[in-house]
Amino acid sequence: MTIPNRFDHASEAEVILEAWEKSGCSHAEVRNDRPPFTIVIPPPNVTGALHLGHGLNNTLQDILVRSKRMQGFETLWMPGTDHAGIATQAVVERRLKEQENKSRHDLGREALVERIWAWKDQYEQRILGQLKRMGASCDWPRTRFTLDETCTAAVRATFFDLFHKRRIYRGKRLVNWDTYLQTAVSDDEVFNETKKGHFWHFSYPVIDPKPGEPKRVEIATTRPETMLGDTAVAVHPDPEAALDAVEAELREKLGHTVAGEREAIEAQLEALTRRRETHLPTLLRLRDMARDGRALRLPLADREIPLIADPWAKPELGSGCVKITPAHDPNDYEVGLRAGLPMINVLNPDGTMNGEAGAYEGLNIPQARARVVEDLDRLGLLGDVEDRDIELPYSDRSKTPIEPYLADQWFVAMEELAQSAMDAVTDGRVRIRPERYRKGYLDWLSEKRDWPVSRQLWWGHRIPIWAANGLSEADAESLADRLKRLPEFDAEQVAFRVDSDDDGSRSLFVCLRDESESLESAVEGLGLTRDPDVLDTWFSSALWPHSTLGWPRQTEELDYFYPTSVLVTSRDIITLWVARMVLMGLNNVGEVPFRDVFIHPKILDGLGETMSKSKGNGVDPNDVIDKFGPDALRYGLARLATETQDVRMPVQFECPHCEKLIDQTRKNRSLPAVRCPECGETFSTQWAESDEDRAHPKAAVVSERFETARNFVNKLWNAARFTLMNLDGYMPQRVDVASLPLEDRWLLSRLSTVTRRTTEAIEGYHFAEAARVLHEFAWDEFCSFYVEIAKPRFADETQRPITQAVIAHGLDTLLRLLHPMMPFVTESIWGYLNVAAPRRGVPEPADPGRFVMRADWPVADAAHHDPAIERQFNEFQQVIGAIRKIRASQNIAPRETVPVSIRCGDASRERLEPMRTYFEALAGAEVVALGPDAGAFETDAPLAIPAIDMEVHVDLEKFIDVDAELSRLEKLLGQLVKQITGKESKLGNENFVSRAPQAVVAKERESLEELRRQHATVESDIARLRSKVG
RNA sequence: GGGCGAUUAGCUCAGUUGGUUAGAGCGCCGCCCUUACAAGGCGGAUGUCGGGGGUUCGAGUCCCUCAUCGCCCACCA
């Protein structure tokens, strides 16, 4: 059998993927002869391509899925993608603008949605292609999309149900308005940025001031144009008490603060005292005026607005008075609700001023701001203008400023839903791991804030509500009657209700459960119009575990695969997604969506920053696969998945000219073109825009962290190659384990231990641990010892057959254990092994099956596990180590065989005697004396191994370097003295001896004895060497 | 402001319930292209376990405190 000496992943992976697919290896069916194991994929957004975070997320899922499948579970990994409402629409709109200079309004709703579908088709293919290339063993024919028919039916049914239960209601709410995209964006799609701005002080005249009363009230704002929508000015109802409270808090803080901050606090206290003199009298006055129902004149708008008392006004800040703009500020909105103030919206959806702004109508915000300031100045009402750093909200999607904006929205009432999701975690029906993430989940849910679900977008699930607004009570009732009398009316399909609005008018809302053209047109025939908004993307995501299984239909898949087994995700969407899936699953199916939630780390770049395309530090799994292969990508990621969050992964450019890896820095990662410091050639990056830059070949962004993993893949490949090259004449045979030599029983015992530890690690989501255990076993034990031992045995005709049986079994088990992490290379080797050893196994050979992917997971065979055997083999390993050490210290040429003499007890002699032949292969040594009488050579390099009470002597006649030997021994002696002193003082401590557990004390004593013995040996060795050199 | 986490070798990270001399990979040094593997083999050097205090016979591990970094939530006229 000829096998290349490197695994060619580029050509092999494709072949393997095709074979798996043809054989339906990852397909799951409803079957009642075995339990299911189910994972639903966190559906990636169709916005773009997958990055390394997805790579990690999906690798971990696939490890679970593949190992469970091998364990005999009917394993379903449900794939799919998310329509990602605003993100996707924003991307398509941006392209529309850039490439055709058109807005979505130029195109219209239908045409835009059509464009987004085209985009989705393209990117979905790319994303699914990336997943397949990584080896993700999803059940591909079941692939869902959150906007497809199945998911849509689930969304409609859920909305209908919640509407029916009155858990969906309509209300006004300040939303984060993106004036560029003309939509509301959710809080988590808003980021803050600090900008230089101004803090303007204005005065509003008091209407008919009485003697002694202030003629003007000063307020301050960072957004002057909003004053046109002011409907009150507030002062604190008890400014004195409020100041007292602030002072008390400062004094409390002063009590336990460090010197550095002391001064600042004292200064604040002083300012507070001054303020009592300068501001308090005025504030008290104003408070009284507010109680009297006095009013101010709002300049420019020329409106009368009340002075009100509200605790939102902070007497310790500014003038102590605050303007109230309920339609454009979240806090003012609350004040407005409390005081029953009108809410005046002065903005159009596109960010220009509307008719309410009077003369300012049509201006955009910066223009309006400038004009307002100018006009107030002319009226003499402008006070100080301070420079100030202002934190402004920006839209994550359009990167333009957010304007708070009052709009009608649909809400989901969370009281009961949130409670149900909290209960599911507190009583353990859902387990969150690591456990510390429970707190965030529970805290967030416990606020039970109602969930605003409308989005002013075109891409998404359109809200299935038809409405008629502004009706009188009688009209609303008669309209409802007409609805009920429609021939198409069906109480199972139609829910409706009449709500009253702020202005006292009535609205009729009709919710339709399923898509039905006839019903829709009948409803529209009554004069109702459909709500233009779509639902928050998380609404459909929340249904994912059951919608993908066919709910609301009672499918057999739902019955069999739900609840799913585990959800694997990252921590930033525990609240947005995980919590909502739990409560929706409970509401719709009556059962939690998953038993376990596993939260995995985030991957950061070498500078500790999150990876993202906008920083240029994002790594495409495809680039890693190109360079290192899919198995290296997966194994490399799996070994990072520790309990510690946030893994740093230094990122490099791969120079397309010389293939060298160039570290990314904050500087070079944002350049359009970079000169390679290795070869001097220039390459381009994702930022290249000019033709000149683009002319250079583009560098892939990868991480050298995958080299280790790639090397491991290669190591495994070569261990397999060695095995396969020595399987000529292999005959399956029954193996009598008890009669096997030590080295074979050692291997079997280790296989048993490693199988158990790997299985436990994967089941406990300790992926890095599993990766480490397998790496150590494969490399340091299977390759470094068993393969070396097998060499002389293969050469011996009598030992050859049994060695073949054991090594084939060893490789077989290793392939099965590694398969979930490294599916391709293991599957490839499995194919070769099936040819060379079609039936294999210890003790009884069996048919392994065509694919390792569908092979049985190894069982930790307790009969093979034998700690005594492992200890005995370890004795041999220590002797080998001792000889190697001596050789290295004497610089003995690798191919020189040295004579060794090993002084040991009879029991050890018996064990080592049959192993004599391996000393040559492992340490280049010939054992010339072994046993209690084995002595030193004339020119001797000794090494004592006290732990097993042995002495190893190497005959150095030809090679001895006495100085080197002496310095080695003297160094050793120094270390021993240090340790002995430490132990002696520890054991001399009465407290230790009397209070520590006896076992610990005894162990210390024993170890001290050993050290002393070793010390004596080394001393005599040194003396003997010294006498030699005279 | 509240919460969570991190800080261990030059770099990236392990370190189970406190218990011999704190580990791995990469990098570094020395010797080797030995027929599975130079993407390799053998050997080696490198640590006041962030600072300080405490509990304990014993602390990388438990407690307090400070510092630095990161994330989440809230707030910011």
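Just so it is clear: chains get the letters A, B, ... in the order the sequence lines come, proteins before strands, and each one is counted from 1.
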Any strand counts, and the cut-off is 3.5 Å on both contacts for Watson-Crick or G-U wobble. Which nucleotide pairs with [N]?
{"N": "rG18(B)", "result": "none"}
{"N": "rA45(B)", "result": "none"}
{"N": "rG25(B)", "result": "rC11(B)"}
{"N": "rU55(B)", "result": "none"}
{"N": "rU35(B)", "result": "none"}
{"N": "rC71(B)", "result": "rG3(B)"}

Check the distance between [N]'s [atom2] and [X]'s [atom1] and give it to me in whole angstrom.
{"X": "His775(A)", "N": "rC37(B)", "atom1": "NE2", "atom2": "C1'", "value": "13 Å"}
{"X": "Ile892(A)", "N": "rC42(B)", "atom1": "CD1", "atom2": "P", "value": "16 Å"}
{"X": "Arg1012(A)", "N": "rU20(B)", "atom1": "CZ", "atom2": "P", "value": "19 Å"}
{"X": "Gln998(A)", "N": "rG19(B)", "atom1": "CD", "atom2": "C1'", "value": "15 Å"}
{"X": "Glu769(A)", "N": "rC13(B)", "atom1": "CD", "atom2": "C1'", "value": "14 Å"}
{"X": "Tyr635(A)", "N": "rG25(B)", "atom1": "OH", "atom2": "P", "value": "11 Å"}
{"X": "Leu814(A)", "N": "rC37(B)", "atom1": "CG", "atom2": "C1'", "value": "15 Å"}
{"X": "Leu604(A)", "N": "rA6(B)", "atom1": "CG", "atom2": "C1'", "value": "11 Å"}

[N] to [M] separation - [atom1] atoms, rounded to the nearest Å:
{"N": "rC42(B)", "M": "rU35(B)", "atom1": "P", "result": "15 Å"}
{"N": "rU12(B)", "M": "rA74(B)", "atom1": "C1'", "result": "34 Å"}
{"N": "rG44(B)", "M": "rG23(B)", "atom1": "P", "result": "13 Å"}
{"N": "rG25(B)", "M": "rA39(B)", "atom1": "C1'", "result": "14 Å"}
{"N": "rG47(B)", "M": "rG2(B)", "atom1": "P", "result": "40 Å"}
{"N": "rU20(B)", "M": "rG60(B)", "atom1": "P", "result": "11 Å"}
{"N": "rC72(B)", "M": "rC29(B)", "atom1": "C1'", "result": "45 Å"}
{"N": "rA9(B)", "M": "rC62(B)", "atom1": "C1'", "result": "26 Å"}

Check Leu445(A) against Ala418(A) and note the closest heavy-atom contact, atom names and distance.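 Closest heavy-atom pair between Leu445(A) and Ala418(A): O-CB, 3.6 Å.
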
If you look at every heavy atom in Asn5(A) and Asn714(A), which pair is closest and at what distance?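 Closest approach of Asn5(A) to Asn714(A), heavy atoms only: O-ND2, 3.7 Å.
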
Stepwise salt bridge (charged side-chain N to carboxylate O under 4.0 Å, His left out) test for Asp631(A) and Arg710(A): CA-CA 7 Å; Asp631(A) 297 311; Arg710(A) 189 262 324 261; over 6 Å; no

Just checking [X]: base, sugar-phosphate only, or nothing, at a heavy-atom cut-off of under 4.0 Å?
{"X": "Glu218(A)", "answer": "nothing"}
{"X": "Thr575(A)", "answer": "nothing"}
{"X": "Trp779(A)", "answer": "sugar-phosphate"}
{"X": "Trp717(A)", "answer": "nothing"}
{"X": "Arg721(A)", "answer": "sugar-phosphate"}
{"X": "Val647(A)", "answer": "sugar-phosphate"}
{"X": "Phe712(A)", "answer": "nothing"}

Using the six-membered ring wherever Trp is involved, compare the ring planes of Phe712(A) and Trp779(A) and label them parallel, tilted or perpendicular (cut-offs 30° and 60°).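 Answer is parallel, since the angle falls under 30°.
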
So His201(A) and Phe199(A), would you call those rings parallel, tilted or perpendicular, with 30° and 60° as cut-offs?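 Ring orientation, 0 to 90° scale: perpendicular.
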
Here's a test of your reading of the structure: between Lys602(A) and Cys783(A), which maps to the more 5' nucleotide of RNA chain B?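 That would be Cys783(A).
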
With nearest nucleotides of RNA chain B determined for Glu447(A) and Glu707(A) from heavy-atom distances, which residue corresponds to the more 5′ nucleotide?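 So the residue in question is Glu707(A).
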
Does Arg710(A) make a side-chain donor-acceptor contact with the base of rA39(B), cut-off 3.5 Å?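 Answer is yes: a donor-acceptor pair is held.
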
Please tell me which of the listed nucleotides, [options], lies nearest to the side chain of [X]?
{"X": "Lys885(A)", "options": "rC4(B), rG43(B), rU20(B)", "answer": "rG43(B)"}
{"X": "Thr708(A)", "options": "rU21(B), rC71(B), rC26(B)", "answer": "rC26(B)"}
{"X": "Asn711(A)", "options": "rC4(B), rA36(B), rG40(B)", "answer": "rG40(B)"}

For Thr221(A) and Arg223(A), indicate whether the former's side chain and the latter's backbone hold a donor-acceptor pair under 3.5 Å.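 Present.
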
Output yes when at least one side-chain N/O atom of [X] is less than 4.0 Å from OP1 or OP2 of [N], else no.
{"X": "Asn726(A)", "N": "rA36(B)", "answer": "no"}
{"X": "Arg887(A)", "N": "rG44(B)", "answer": "no"}
{"X": "Lys791(A)", "N": "rU34(B)", "answer": "no"}
{"X": "Arg6(A)", "N": "rA39(B)", "answer": "yes"}
{"X": "Thr642(A)", "N": "rA14(B)", "answer": "yes"}
{"X": "Lys715(A)", "N": "rA36(B)", "answer": "no"}

Take Thr981(A) and Lys983(A), measure what side-chain hydrogen bond (donor to acceptor under 3.5 Å, both in side chains) needs, and give me the verdict at the end. CA-CA 5 Å; Thr981(A) 317; Lys983(A) 295 245 186 258; over 6 Å; no

Suppose we call two aromatic rings close when their centres sit under 6.0 Å apart. Are Phe777(A) and His775(A) close by that rule?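 Centroid separation for Phe777(A) and His775(A): 6.0 Å or greater.
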
Between the side chains of Ser446(A) and Lys448(A), is a donor N or O closer than 3.5 angstrom to an acceptor N or O?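 Result is no, nothing qualifies.
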
